[in-house]
Amino acid sequence: MKTIKDVFTVFKRRLGDVYDANETEALTLLVVNEISDLSKAQIKAFPEKEITVGQAESLNRIVIRLQTGEPVQYILGHTEFYGLPFKVNPSVLIPRPETEELVEWVLTSVDSSSLTDYNILDIGTGSGCIAISLKKNLPNASVSAIDISIGALETAKQNADLNKVKVDFIQDDILNSKFKIQNSKISGENNQRFEVIISNPPYVTLYDKTQMHNNVTDFEPHSALFVPEDDPLIFYKAIADFALTHLTASGLLFLEINESLGNETVELLQAKGFNSIELRKDMSGRDRMIRGIRF
Ligand code: GLN
(Lines give C-alpha, C1' and ligand atoms only; values in the text may rest on other atoms or scores of the structure.)
Protein backbone atom coordinates (compact mmCIF):
# COMPACT_ATOMS: atom_id res chain seq x y z
CA MET A 1 0.00 0.00 0.00
CA LYS A 2 1.87 3.04 -1.29
CA THR A 3 -0.91 5.42 -2.29
CA ILE A 4 -4.42 6.23 -1.10
CA LYS A 5 -5.76 4.47 -4.17
CA ASP A 6 -3.89 1.28 -3.12
CA VAL A 7 -5.50 1.51 0.33
CA PHE A 8 -8.98 1.55 -1.20
CA THR A 9 -8.08 -1.42 -3.45
CA VAL A 10 -6.68 -3.48 -0.56
CA PHE A 11 -9.58 -2.67 1.80
CA LYS A 12 -12.08 -3.55 -0.94
CA ARG A 13 -10.42 -6.91 -1.54
CA ARG A 14 -9.99 -7.79 2.13
CA LEU A 15 -13.36 -6.60 3.42
CA GLY A 16 -15.50 -7.94 0.57
CA ASP A 17 -16.77 -10.87 2.66
CA VAL A 18 -17.74 -8.71 5.63
CA TYR A 19 -19.17 -5.50 4.16
CA ASP A 20 -20.86 -4.44 0.93
CA ALA A 21 -19.07 -2.08 -1.47
CA ASN A 22 -20.63 1.12 -0.10
CA GLU A 23 -19.91 0.20 3.52
CA THR A 24 -16.32 -0.71 2.64
CA GLU A 25 -15.81 2.61 0.84
CA ALA A 26 -17.22 4.57 3.80
CA LEU A 27 -15.10 2.59 6.29
CA THR A 28 -11.93 3.10 4.26
CA LEU A 29 -12.56 6.83 4.06
CA LEU A 30 -13.16 6.99 7.81
CA VAL A 31 -10.02 5.02 8.65
CA VAL A 32 -7.71 6.94 6.26
CA ASN A 33 -9.08 10.19 7.64
CA GLU A 34 -8.31 8.95 11.16
CA ILE A 35 -4.69 7.91 10.55
CA SER A 36 -3.73 10.86 8.31
CA ASP A 37 -4.12 14.61 8.54
CA LEU A 38 -6.22 14.65 5.37
CA SER A 39 -9.90 15.59 5.24
CA LYS A 40 -12.34 13.18 3.62
CA ALA A 41 -12.61 15.57 0.64
CA GLN A 42 -8.80 15.58 0.23
CA ILE A 43 -8.67 11.78 0.43
CA LYS A 44 -11.22 11.56 -2.39
CA ALA A 45 -9.56 14.29 -4.46
CA PHE A 46 -5.96 12.98 -4.28
CA PRO A 47 -5.95 9.18 -4.77
CA GLU A 48 -2.34 9.23 -6.01
CA LYS A 49 -1.08 10.81 -2.79
CA GLU A 50 1.49 8.59 -1.09
CA ILE A 51 1.07 7.30 2.46
CA THR A 52 3.99 6.75 4.85
CA VAL A 53 5.29 3.34 5.94
CA GLY A 54 3.94 3.97 9.43
CA GLN A 55 0.50 4.79 8.07
CA ALA A 56 0.53 1.65 5.92
CA GLU A 57 1.35 -0.41 9.04
CA SER A 58 -1.50 1.19 10.99
CA LEU A 59 -3.92 0.57 8.12
CA ASN A 60 -2.81 -3.03 7.92
CA ARG A 61 -3.44 -3.57 11.64
CA ILE A 62 -6.87 -1.95 11.30
CA VAL A 63 -7.96 -3.95 8.26
CA ILE A 64 -7.01 -7.23 9.99
CA ARG A 65 -9.37 -6.32 12.84
CA LEU A 66 -12.11 -5.14 10.47
CA GLN A 67 -11.96 -8.51 8.68
CA THR A 68 -13.07 -10.23 11.89
CA GLY A 69 -16.22 -8.06 11.93
CA GLU A 70 -15.02 -5.93 14.84
CA PRO A 71 -16.87 -2.59 14.65
CA VAL A 72 -14.69 0.26 13.43
CA GLN A 73 -15.81 2.39 16.39
CA TYR A 74 -14.17 -0.08 18.83
CA ILE A 75 -11.02 -0.23 16.71
CA LEU A 76 -10.69 3.56 16.62
CA GLY A 77 -11.95 3.86 20.21
CA HIS A 78 -14.38 6.66 19.52
CA THR A 79 -17.48 7.74 17.64
CA GLU A 80 -19.92 10.64 17.41
CA PHE A 81 -23.39 10.98 18.85
CA TYR A 82 -25.63 14.02 18.49
CA GLY A 83 -22.64 15.93 17.09
CA LEU A 84 -20.51 15.17 20.18
CA PRO A 85 -17.44 12.94 20.56
CA PHE A 86 -17.75 9.73 22.61
CA LYS A 87 -15.14 7.16 23.62
CA VAL A 88 -16.36 3.61 23.11
CA ASN A 89 -15.02 0.17 24.04
CA PRO A 90 -16.54 -3.31 24.37
CA SER A 91 -18.07 -2.49 27.76
CA VAL A 92 -20.52 -0.09 26.08
CA LEU A 93 -22.94 -0.33 23.18
CA ILE A 94 -21.96 1.81 20.22
CA PRO A 95 -24.40 4.74 20.10
CA ARG A 96 -26.97 4.40 17.31
CA PRO A 97 -28.52 7.11 15.13
CA GLU A 98 -32.03 6.01 16.23
CA THR A 99 -31.11 6.99 19.76
CA GLU A 100 -30.26 10.50 18.54
CA GLU A 101 -33.89 10.75 17.46
CA LEU A 102 -34.99 9.86 21.00
CA VAL A 103 -32.74 12.61 22.41
CA GLU A 104 -34.22 15.03 19.88
CA TRP A 105 -37.71 14.10 21.07
CA VAL A 106 -36.81 14.94 24.67
CA LEU A 107 -35.29 18.26 23.63
CA THR A 108 -38.39 19.24 21.67
CA SER A 109 -40.69 18.10 24.52
CA VAL A 110 -39.25 20.18 27.33
CA ASP A 111 -39.41 23.90 27.71
CA SER A 112 -35.72 24.73 27.95
CA SER A 113 -36.40 28.24 29.29
CA SER A 114 -37.89 26.87 32.54
CA LEU A 115 -35.35 24.21 33.37
CA THR A 116 -33.85 25.43 36.61
CA ASP A 117 -34.30 22.67 39.20
CA TYR A 118 -35.18 20.27 36.42
CA ASN A 119 -34.03 16.68 36.99
CA ILE A 120 -33.43 14.06 34.35
CA LEU A 121 -32.52 10.39 34.84
CA ASP A 122 -31.07 8.06 32.19
CA ILE A 123 -31.45 4.34 32.99
CA GLY A 124 -28.80 2.02 31.49
CA THR A 125 -26.58 4.84 30.32
CA GLY A 126 -23.79 2.76 28.70
CA SER A 127 -21.40 5.21 27.03
CA GLY A 128 -23.43 8.04 28.59
CA CYS A 129 -24.51 9.25 25.15
CA ILE A 130 -28.11 10.08 26.11
CA ALA A 131 -27.34 11.69 29.47
CA ILE A 132 -24.39 13.70 28.15
CA SER A 133 -26.09 14.97 25.00
CA LEU A 134 -29.11 16.02 27.08
CA LYS A 135 -26.95 17.85 29.62
CA LYS A 136 -24.99 19.55 26.84
CA ASN A 137 -28.22 20.86 25.34
CA LEU A 138 -30.02 21.56 28.64
CA PRO A 139 -27.21 23.03 30.75
CA ASN A 140 -29.57 24.14 33.55
CA ALA A 141 -30.97 20.66 34.12
CA SER A 142 -29.49 18.22 36.66
CA VAL A 143 -28.78 14.96 34.90
CA SER A 144 -28.24 11.61 36.64
CA ALA A 145 -27.54 8.28 35.00
CA ILE A 146 -27.45 4.71 36.23
CA ASP A 147 -25.95 1.52 34.85
CA ILE A 148 -25.28 -1.95 36.22
CA SER A 149 -21.85 -2.09 34.61
CA ILE A 150 -18.80 -0.55 36.29
CA GLY A 151 -16.96 -0.59 32.96
CA ALA A 152 -19.78 1.34 31.32
CA LEU A 153 -19.88 3.88 34.15
CA GLU A 154 -16.13 4.47 33.86
CA THR A 155 -16.49 5.07 30.13
CA ALA A 156 -19.49 7.33 30.65
CA LYS A 157 -17.54 9.41 33.20
CA GLN A 158 -14.70 9.82 30.72
CA ASN A 159 -17.24 10.92 28.13
CA ALA A 160 -18.76 13.49 30.49
CA ASP A 161 -15.24 14.92 31.05
CA LEU A 162 -14.53 14.84 27.32
CA ASN A 163 -17.68 16.85 26.70
CA LYS A 164 -17.14 19.09 29.75
CA VAL A 165 -20.49 18.38 31.37
CA LYS A 166 -21.47 17.30 34.86
CA VAL A 167 -23.59 14.17 35.08
CA ASP A 168 -24.15 12.22 38.30
CA PHE A 169 -23.31 8.57 37.53
CA ILE A 170 -24.58 5.86 39.89
CA GLN A 171 -24.22 2.09 39.83
CA ASP A 172 -27.57 0.31 40.02
CA ASP A 173 -29.44 -2.67 38.61
CA ILE A 174 -32.87 -1.50 37.50
CA LEU A 175 -34.21 -5.06 37.86
CA ASN A 176 -33.31 -4.91 41.54
CA SER A 177 -32.96 -1.23 42.18
CA LYS A 178 -31.34 0.13 45.32
CA PHE A 179 -31.56 3.65 43.99
CA LYS A 180 -31.99 6.16 46.79
CA ILE A 181 -32.76 9.76 46.21
CA GLN A 182 -30.59 12.03 48.27
CA ASN A 183 -31.14 15.67 49.10
CA SER A 184 -34.63 15.64 47.67
CA LYS A 185 -36.12 19.07 47.45
CA ILE A 186 -39.67 17.77 47.64
CA SER A 187 -40.32 17.19 51.29
CA GLY A 188 -42.80 14.47 52.11
CA GLU A 189 -42.58 13.15 48.58
CA ASN A 190 -38.96 12.30 48.57
CA ASN A 191 -39.28 9.38 46.20
CA GLN A 192 -40.56 11.53 43.35
CA ARG A 193 -37.88 13.54 41.87
CA PHE A 194 -37.40 13.44 38.11
CA GLU A 195 -39.26 15.49 35.53
CA VAL A 196 -37.86 13.22 32.80
CA ILE A 197 -36.80 9.56 32.88
CA ILE A 198 -35.31 8.14 29.72
CA SER A 199 -33.96 4.72 28.80
CA ASN A 200 -32.63 2.66 25.93
CA PRO A 201 -32.65 -0.70 27.74
CA PRO A 202 -31.77 -4.14 26.35
CA TYR A 203 -34.53 -5.30 24.01
CA VAL A 204 -33.03 -7.76 21.51
CA THR A 205 -34.55 -11.28 21.62
CA LEU A 206 -32.83 -14.52 20.60
CA TYR A 207 -34.93 -14.47 17.44
CA ASP A 208 -33.76 -10.92 16.61
CA LYS A 209 -30.19 -12.09 17.27
CA THR A 210 -30.39 -14.60 14.43
CA GLN A 211 -31.18 -11.71 12.07
CA MET A 212 -28.30 -9.48 13.23
CA HIS A 213 -24.86 -8.86 11.78
CA ASN A 214 -22.03 -10.61 13.65
CA ASN A 215 -20.31 -7.28 14.28
CA VAL A 216 -23.10 -6.56 16.78
CA THR A 217 -23.57 -10.01 18.33
CA ASP A 218 -19.89 -10.99 18.55
CA PHE A 219 -18.51 -7.70 19.82
CA GLU A 220 -21.06 -5.57 21.65
CA PRO A 221 -21.91 -6.19 25.33
CA HIS A 222 -24.64 -8.81 25.63
CA SER A 223 -25.86 -7.32 28.91
CA ALA A 224 -26.76 -4.14 26.97
CA LEU A 225 -28.54 -5.97 24.18
CA PHE A 226 -30.29 -9.20 24.99
CA VAL A 227 -33.48 -10.09 26.82
CA PRO A 228 -35.07 -13.48 27.55
CA GLU A 229 -37.26 -14.75 24.71
CA ASP A 230 -40.09 -15.46 27.16
CA ASP A 231 -39.97 -12.02 28.82
CA PRO A 232 -38.77 -9.47 26.24
CA LEU A 233 -40.28 -6.51 28.12
CA ILE A 234 -38.60 -7.36 31.43
CA PHE A 235 -36.71 -4.04 31.52
CA TYR A 236 -39.76 -2.02 30.41
CA LYS A 237 -41.82 -3.42 33.30
CA ALA A 238 -39.10 -2.54 35.81
CA ILE A 239 -38.52 0.92 34.31
CA ALA A 240 -42.25 1.70 34.21
CA ASP A 241 -42.63 0.71 37.89
CA PHE A 242 -39.56 2.75 38.82
CA ALA A 243 -40.88 5.72 36.82
CA LEU A 244 -44.25 5.57 38.59
CA THR A 245 -42.55 6.20 41.91
CA HIS A 246 -39.68 8.44 40.75
CA LEU A 247 -41.27 10.76 38.18
CA THR A 248 -42.94 13.96 39.32
CA ALA A 249 -46.66 14.29 38.56
CA SER A 250 -46.91 14.91 34.78
CA GLY A 251 -43.26 13.82 34.44
CA LEU A 252 -42.25 12.33 31.09
CA LEU A 253 -40.98 8.82 30.38
CA PHE A 254 -39.08 8.26 27.11
CA LEU A 255 -38.13 4.78 25.92
CA GLU A 256 -36.31 3.33 22.94
CA ILE A 257 -38.08 0.09 22.00
CA ASN A 258 -37.89 -3.09 19.98
CA GLU A 259 -39.51 -2.35 16.63
CA SER A 260 -41.53 -5.60 16.80
CA LEU A 261 -42.97 -4.81 20.22
CA GLY A 262 -44.43 -1.33 19.72
CA ASN A 263 -48.03 -2.22 20.54
CA GLU A 264 -47.10 -4.52 23.41
CA THR A 265 -44.94 -1.81 24.98
CA VAL A 266 -47.71 0.79 24.60
CA GLU A 267 -50.17 -1.64 26.24
CA LEU A 268 -47.74 -2.24 29.09
CA LEU A 269 -47.49 1.49 29.81
CA GLN A 270 -51.28 1.86 29.56
CA ALA A 271 -51.75 -0.98 32.04
CA LYS A 272 -49.29 0.72 34.42
CA GLY A 273 -51.41 3.88 34.18
CA PHE A 274 -49.32 6.21 32.03
CA ASN A 275 -51.21 8.87 30.04
CA SER A 276 -50.92 10.34 26.54
CA ILE A 277 -48.75 7.47 25.33
CA GLU A 278 -47.24 8.16 21.93
CA LEU A 279 -45.43 5.64 19.72
CA ARG A 280 -43.00 7.05 17.13
CA LYS A 281 -41.12 5.58 14.21
CA ASP A 282 -37.41 6.11 13.55
CA MET A 283 -35.94 7.44 10.31
CA SER A 284 -36.20 3.94 8.81
CA GLY A 285 -39.96 3.87 9.46
CA ARG A 286 -39.70 1.35 12.32
CA ASP A 287 -41.58 1.65 15.63
CA ARG A 288 -38.66 2.77 17.78
CA MET A 289 -39.65 5.06 20.65
CA ILE A 290 -42.40 5.83 23.11
CA ARG A 291 -43.26 8.77 25.30
CA GLY A 292 -45.66 8.51 28.22
CA ILE A 293 -46.78 10.94 30.92
CA ARG A 294 -47.12 9.97 34.57
CA PHE A 295 -50.64 10.50 35.83
N1 GLN B 1 -30.74 -0.91 18.51
C2 GLN B 1 -29.74 -1.81 19.00
C3 GLN B 1 -29.42 -2.84 17.94
O4 GLN B 1 -30.22 -3.11 17.10
C5 GLN B 1 -30.18 -2.48 20.26
C6 GLN B 1 -30.18 -1.55 21.40
C7 GLN B 1 -30.79 -2.12 22.62
O8 GLN B 1 -30.93 -3.33 22.83
N9 GLN B 1 -31.18 -1.24 23.45
O10 GLN B 1 -28.34 -3.38 17.92
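All residue numbers in this chain count up from 1 along the given sequence. It should be emphasised that the depicted structure is a prediction, and the values quoted were computed from it without experimental measurement. When a ligand or atom number is given, it counts from 1 through the structure's own listing order.
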[X] and [Y]: side-chain donor and acceptor closer than 3.5 Å?
{"X": "S177", "Y": "D172", "value": "yes"}
{"X": "D168", "Y": "S142", "value": "no"}
{"X": "T205", "Y": "D208", "value": "yes"}

Quiz item: cation-pi between K209 and F226, 6.0 Å / 45°: yes
Whether F81 and F86 hold their rings parallel, tilted or perpendicular, with breakpoints at 30° and 60°: perpendicular
Minimum side-chain heavy-atom gap Y236-V227 below 4.5 Å: no
Short N or O contacts of ligand 1 with protein, under 3.5 Å, listed by atom name?
unit_1   : atom_1 : unit_2 : atom_2 : d
ligand 1 : 1 (N)  : Y203   : OH     : 2.8
ligand 1 : 8 (O)  : Y203   : N      : 3.3
ligand 1 : 9 (N)  : N200   : OD1    : 2.7
ligand 1 : 9 (N)  : P201   : O      : 2.6
ligand 1 : 10 (O) : R96    : NH2    : 2.6

